[in-house]
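The block underneath contains the structure these notes are about, expressed in structure tokens.
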Amino acid sequence: MTVFQKAFPLNPSTAIPSVGFGTYLIADGDAENAVRTAISLGYRHIDTAEVYENEKGVGAGIQAGLSETGLAREDIFVTTKLWPGHAAWGQELKNEEKTIAAFNASLERLGLDYVDLYLIHSPHGGPERLNQWRALLELQRVGKARSIGVSNFGEKHLEEIKAAGLALPEANQIELHPWSQKPTLVGYMKDHDIAPIAYSSLAPLSTWRIEDGQDSAKTEQMRISDGVLASIAAKYGVTEAQLLLRWGVQSGYPVLPKSLNPERMRQNIDLDGFTIDDGDLASMKSMDRGGGLAWSIGDPSYID
Ligand code: NDP
């Protein structure tokens with residue numbers, strides 16, 4: 001097994017490892033063991049969020065992983081995310097002060113004194129969106145967040161920041177895989193030096209989030225495989241999951257596979273032994289179906 005350890009720069013002093021460990025849908029009580037295992041298998045980036053309600057377990061897992069491997073805090077890249085509030089769900093939108101307070105609470109649950117990347121989880125902050133972004137700029141200025149960005153932002157949300165004359169996000173974490181390639185948004189981000197980070201890379205798998213309660217917008221129809229990804233994967237002697245993750249890193253996107261299964265965790269970081277050739281990349285490019293599956297928001301540009 002070769003651990004894939006390339007890193008992509010986010011700013012002059014921070015680079016994000018190309019394969020991170022995703023923790024959405026990992027319960028707080030399972031997170032310590034999962035994160036400890038991930039670090040011992042070679043993962044050097046852990047992705048969590050306030051809204052996943054597992055930051056305490058993730059923090060304990062990071063400590064356990066560091067002790068087990070002898071690594072230092074600086075060797076692990078940690079991402080967490082602000083839940084901005086969502087008016088349609090009856091939630092208060094966080095203002096600048098509440099954003100700072102939410103960050104400090106995340107840091108305390110994680111047991112850390114800084115994070116490597118802090119993201120606004122979604123553009124649902126509406127009228128408070130710019131104030132939330134101002135808070136992140138302040139957190140970066142004081143060194144508590146080494147890099148800052150957003151998630152699920154569309155062009156119009158990024159344009160809003162630009163129009164306000166504020167520094168643009170260093171990254172936008174979005175759903176990216178062969179079924180949801182978002183070429184216009186990714187092109188815009190490239191032009192503005194905003195790094196894409198891919199989530200839900202494994203969504204095209206027929207078994208993706210198949211267990212009860214796994215929060216998937218995937219219909220039964222979408223679970224029927226035409227076998228094309230499987231046959232490309234077979235050509236390289238890898239699994240479909242490895243093919244999808246390799247597609248991400250080969251496209252220049254850090255990926256964040258989540259699994260509670262140690263064998264899959266091992267497989268998901270073992271991406272170095274093959275390169276997808278131009279013909280297969282072209283065939284994967286033709287699989288784009290537009291919007292994503294992980295969030296019912298689909299096209300994020302619809303949010304005001
Ligand atoms: P993933 O693309 O990581 O897929 C996870 C699913 O695939 C689970 O059902 C898992 O099951 C299964 N799986 C994992 N590895 C394999 C494998 N090798 N072979 C077969 N099946 C496999 O989905 P996520 O949506 O969790 O996305 C990854 C991470 O991205 C999240 O955990 C989170 O950190 C982040 N994210 C961010 C979002 C945002 O809004 N910013 C939204 C969604 C995700 P099992 O556990 O049983 O192995």
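Below, each value reflects all heavy atoms present in this structure, side chains not excepted, and no hydrogens, waters or symmetry copies. Remember, it's 1-based here, ligands and their atoms both numbered in the order they're listed.
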So [Y] and [X], do their side chains get closer than 4.5 Å, heavy atoms only?
X	Y	value
Lys235	Asp280	yes
Tyr52	Thr80	no
Glu128	Thr99	no

(request) Classify the angle between the aromatic ring planes of Phe21 and Tyr43 as parallel (below 30°), tilted (30 to 60°) or perpendicular (above 60°). (result) perpendicular
(request) Kindly tell me which protein residues have any non-hydrogen atom under 4.0 angstrom away from an atom of ligand 1, grouped by chain and ordered by number? (result) Gly22, Thr23, Tyr24, Asp47, Tyr52, Lys81, His121, Ser151, Asn152, Gln173, Tyr199, Ser200, Ser201, Leu202, Leu205, Trp208, Arg209, Ala241, Leu256, Pro257, Lys258, Ser259, Leu260, Arg264, Gln267, Asn268, Trp295
(request) May I ask you to check if Arg146 and Tyr114 form a cation-pi contact, with NZ or CZ under 6.0 angstrom from the six-membered ring centre and within 45° of the axis? (result)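 Flagged: Arg146 positioned over aromatic ring of Tyr114.
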(message) His121 and side-chain contact (heavy atoms from CB on, under 4.5 Å): which single residue from Leu82, Val150, Asn152 fits?
(response) Asn152
